[in-house]
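Step one of this worksheet: look at the structure below.
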Amino acid sequence: MGILAWILIGLFAGIIAKMLMPGKDPGGIIITILIGIAGGLLGGWLGKVIFGVDSIDGFFEISTWIAAIVGSFILLGVFRLFSRARH
């Protein structure tokens with residue numbers, strides 16, 4: 001997949017993760033995209049390590065989206081913990 005596809009998946013995965021985890025978050029759309037992109041990579045890596053599957057197959061594959069959303073959800077939770085501890 002190209003970089004534009006990763007950015008789009010990251011944007012949507014970050015937004016979906018924020019919708020699943022309601023509450024006030026520090027950071028705007030750029031942070032959401034970055035968390036989503038990193039979450040996609042994390043989700044793909046976890047899918048490969050835990051389940052032994054290649055979960056990042058293509059833009060329209062459901063496994064890619066699930067991996068990105070789960071990874072984004074994890075990273076958003078970690079981001080919230082560290083940002084609240086800092087304040």
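Sequence positions, counted from 1, serve as the residue numbers for this chain. Just so we're clear, the structure is a prediction, and the values are computed from it rather than from any experiment.
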* To do: Check whether any side-chain N or O of R80 sits under 3.5 Å from a backbone N or O of L75 as a donor-acceptor pair, and report yes or no.
  =>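 Flag not set: sc R80 to bb L75 has no pair under 3.5 Å.
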
* **Contacts of L34 that satisfy side chain to side chain contact (heavy atoms under 4.5 Å, CB included) - sequence neighbours left out** =>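 Per chain and number, L34 pairs via side chain to side chain contact (heavy atoms under 4.5 Å, CB included) with I30.
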
* Is there side-chain contact between I69 and F12, with at least one heavy-atom pair below 4.5 Å? ->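 In short, these two side chains do not touch, never coming nearer than 4.5 Å.
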
* Asked: I74 versus L46: any side-chain heavy-atom pair under 4.5 Å?
  ->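 Answer yes - side chains close enough.
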
* Asked: So how far is it from L41 CG to I9 CD1, rounded to the nearest 0.5 Å?
  ->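 It comes to 10.0 Å.
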
* To do: Could you please spell out the steps behind the side chain to side chain contact (heavy atoms under 4.5 Å, CB included) verdict for F73 and I16?
  => CA-CA 8 Å; F73 192 77; I16 292 169; over 6 Å; no

* Asked: Considering all heavy atoms of both residues, which atom of W65 and which atom of L8 are nearest to each other, and what is their separation?
  ->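 Of all heavy-atom pairs spanning W65 and L8, the closest is CH2-O, 4.5 Å.
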
* Can you name the closest pair of heavy atoms from S72 and G36 and give their distance? ->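 Closest pair (atom of S72, atom of G36, distance): OG-CA, 3.2 Å.
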
